[in-house]
Amino acid sequence: MPDSEPDSTSNFLSQFSNQEDAGEHFSPSPEGFVRGRTKFVVVVGTVMSGLGKGIFASSLAKLLQDKGLVVAPMKMEGYLNIDSGTLNPYRHGEVFVLEDGLETDMDLGTYERILNQNLSRKNFITAGQIYTEILERERRGGYLGRDVQMIPHVTGAVKMKIRELAMSGPKGQQVDVVFVEVGGTAGDYENSFYIEALRELAFEEGDGSTCFVALTYIIEPAILGEQKSKAAQLGMKRLMEAGIQPHIIACRAKNPVTTKVMQKISMFSNVPSKRVFSLHDRESIYVIPDAMRATGLDREILSILGLHERVDTRAEDSARQSWSSFARRLSAVRDHRITIGISGKYAALRDAYASIEKAIEHCGVELGAQIESRWLDTSDVASAGSTAKLLEGCDAVIVPGGFGMRGVEGKIHCVEYARTHRLPFLGICLGFQMVVIEHARNVLGWKGANSTEFNASTSYPVISELPDQKRIEGIMGGTMRLGSQDVDIAPGSLASFLFGGAAVIRERFRHRYEVDPTFVARLVEGGLIFSGSHPQHPIMQVLELPVATHPYFIGAQFHPELISRPLSPHPMFMGLVAAAIARREPAFAQTAAGLRWVRSNSTASQPITRS
Ligand code: GLN
């Protein structure tokens with residue numbers, strides 16, 4: 001593939017300039033950016049949101065990544081928030097935290113899992129970020145006396161972000177394909193400047209540079225019993241009114257889309273039938289890449305973007321094999337059956353815990369277990385009796401992260417139940433803190449022990465906000481510890497067993513409160529083991545109970561679910577699922593998987609303590 005475009009195109013492109021006084025041809029691009037080297041795939045939704053645009057875009061990106069191409073996804077949000085940190089997860093789904101600490105939309109989690117690639121703030125933009133940047137620049141006099149306008153300045157800033165991402169390949173090289181997912185639906189006010197920026201981008205980068213994919217929805221009203229294409233046609237019109245001619249149309253639907261409907265859509269949108277695809281509901285998102293490849297969608301994109309020559313067929317074969325074997329195991333009959341209780345505040349809204357569900361799914365595939373997740377609303381759990389009832393039939397329990405008071409006492413009861421009934425347990429972030437509180441109250445007898453998040457005047461603030469440590473961390477203003485950090489793992493511990501003996505692991509954090517170091521020694525005397533901590537400071541990050549007293553009891557101040565990947569499930573979840581299987585079927589502990597993941601007294605060395 002040539003690095004630069006033919007002469008006529010480059011003459012045409014050279015009129016676009018980085019200079020603000022270039023008038024209407026102002027279109028910034030980063031230094032060294034070579035037009036034509038990076039291609040762009042833009043995914044826009046029509047008809048309605050919630051069609052799984054992120055899943056679709058990431059699966060498509062994966063198909064190209066499997067071919068040896070370097071891909072980089074970008075999610076564009078139309079809202080004015082700077083990031084997703086302040087969004088209510090029960091309205092918007094989980095807040096996904098990236099390595100560099102950016103709090104993003106849950107779609108970024110889907111991209112990371114499907115592409116097995118760590119993302120950064122370059123991969124996520126919001127209208128709030130774009131406007132803030134422009135307004136700050138305006139105050140600095142950065143626009144040379146010009147009036148600052150939606151076009152070219154706002155759209156210019158969007159194009160700049162896309163091209164900056166294009167420059168972020170390994171060793172400073174340009175990536176092959178940037179995948180842009182526009183949040184919302186064509187026709188929304190909020191995202192219209194993104195759509196305009198993408199139209200301009202396609203024009204400036206030249207023919208064959210950009211492939212627009214419209215994801216649409218085919219309705220099938222029960223009263224008619226047949227699929228109707230009109231809503232999809234109207235949605236497509238909105239896109240075309242914005243100056244965008246889709247190259248590919250993917251039709252989401254409950255059932256496979258009929259040829260008749262696909263022909264109609266083709267006819268009304270100038271897209272040849274072979275580029276209109278049916279994407280009906282599947283049992284798991286992880287079978288979508290293979291299903292899409294079977295339709296030939298990836299090959300059409302290669303043709304539209306002229307990318308066939310960059311394909312590495314050998315890389316593709318091996319990537320396909322490993323994914324397909326995962327997908328096969330996903331659909332295979334599972335040998336084991338377990339139920340995991342998850343204490344969630346608004347138990348009905350699963351999106352708020354999307355990564356936990358996925359982490360469990362990854363382990364189920366790996367260990368051949370059919371896992372039912374049971375969401376437990378702990379807001380009414382007031383006593384040991386009601387906790388026992390709530391947890392009846394559960395083979396393991398997870399107390400996940402969270403903020404705020406509601407359901408907290410019920411979660412502490414769940415911890416107590418799991419501890420005293422030897423029920424496999426995993427506490428995540430807030431769940432880790434609940435373990436410390438439960439231990440303080442019920443093992444050490446410190447009545448009213450609490451986190452200062454819930455009771456600022458408790459006499460035993462075992463979990464508290466520690467301004468000194470925030471300073472050590474460089475986190476000012478009482479904000480949160482966010483993003484990836486190293487965690488030292490104590491040798492001989494359950495954590496060390498799970499992490500294959502690793503002395504240091506790297507995990508993602510999102511919390512404000514932590515174990516007050518002045519209580520650590522006494523907590524340890526009471527039998528709690530702190531087996532993971534900050535490399536330099538007395539900040540406790542993993543805790544556990546000795547394997548002699550409990551088959552599996554572990555907690556983490558970080559969020560292991562955020563880095564669990566389909567082909568490399570997170571060890572803390574693997575341990576939990578394995579312990580749950582072994583609880584039902586003791587013989588499992590002697591299988592190869594059991595020997596790797598179930599820690600018995602004989603595999604454990606002396607319980608260690610750490611302060
Ligand atoms: N609310 C707790 C804190 O801020 C836990 C946060 C979480 O679970 N993500 O420390």
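Counting starts at 1 for both ligands and their atoms, following the listed order. Position 1 is the first residue of the sequence; numbering continues from there.
- Every atom of ligand 1 with a heavy atom of H559 under 4.0 Å away is listed here by number and element: 9 (N).
- Under 4.0 Å is where a charged nitrogen must lie from a carboxylate oxygen, and between E392 and K389 no such pair does.
- Between F553 and H550, the two ring planes are perpendicular [angle over 60°; tilted spans 30° to 60°].
- Salt bridge status for E366 with R596: absent, with no side-chain N to carboxylate O gap under 4.0 Å.
- Any N or O atom pair closer than 3.5 Å counts here, and Y513 shares at least one such pair with ligand 1.
- At a 3.5 angstrom cut-off on N or O pairs, L430 counts as close to ligand 1.
- Of all protein heavy atoms, the one closest to atom 2 (C) of ligand 1 is E453 OE1, 3.3 Å.
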(message) Could you go through H362 and F573, starting from their C-alpha distance and side-chain angles, then the distance that decides it, and tell me whether this counts as ring-ring contact (aromatic ring centres under 6.0 Å, His included)?
(response) CA-CA 9 Å; H362 303 156; F573 283 90; 8.9 Å; no
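- The aromatic ring centroids of F124 and Y111 lie 6.0 Å or more from each other.
- Counting heavy atoms under 4.0 Å from ligand 1, residue M480 does not touch it at all.
- Under the 30°/60° scheme for interplanar angles, the aromatic rings of W446 and F519 are found to be tilted.
- Contacts of Q433 with ligand 1, taken as heavy-atom pairs under 4.0 Å, involve the side chain alone.
- When the options S451, G427, C429 are ranked by their closest heavy atom to atom 7 (C) of ligand 1, first place goes to C429.
- Looking at atom 9 (N) of ligand 1, its nearest protein heavy atom turns out to be R510 O, 2.9 Å.
- An N or O contact shorter than 3.5 Å is missing between G401 and ligand 1 by distance.
- Of all protein heavy atoms, the one lying nearest to atom 4 (O) of ligand 1 is R512 N, 3.0 Å.
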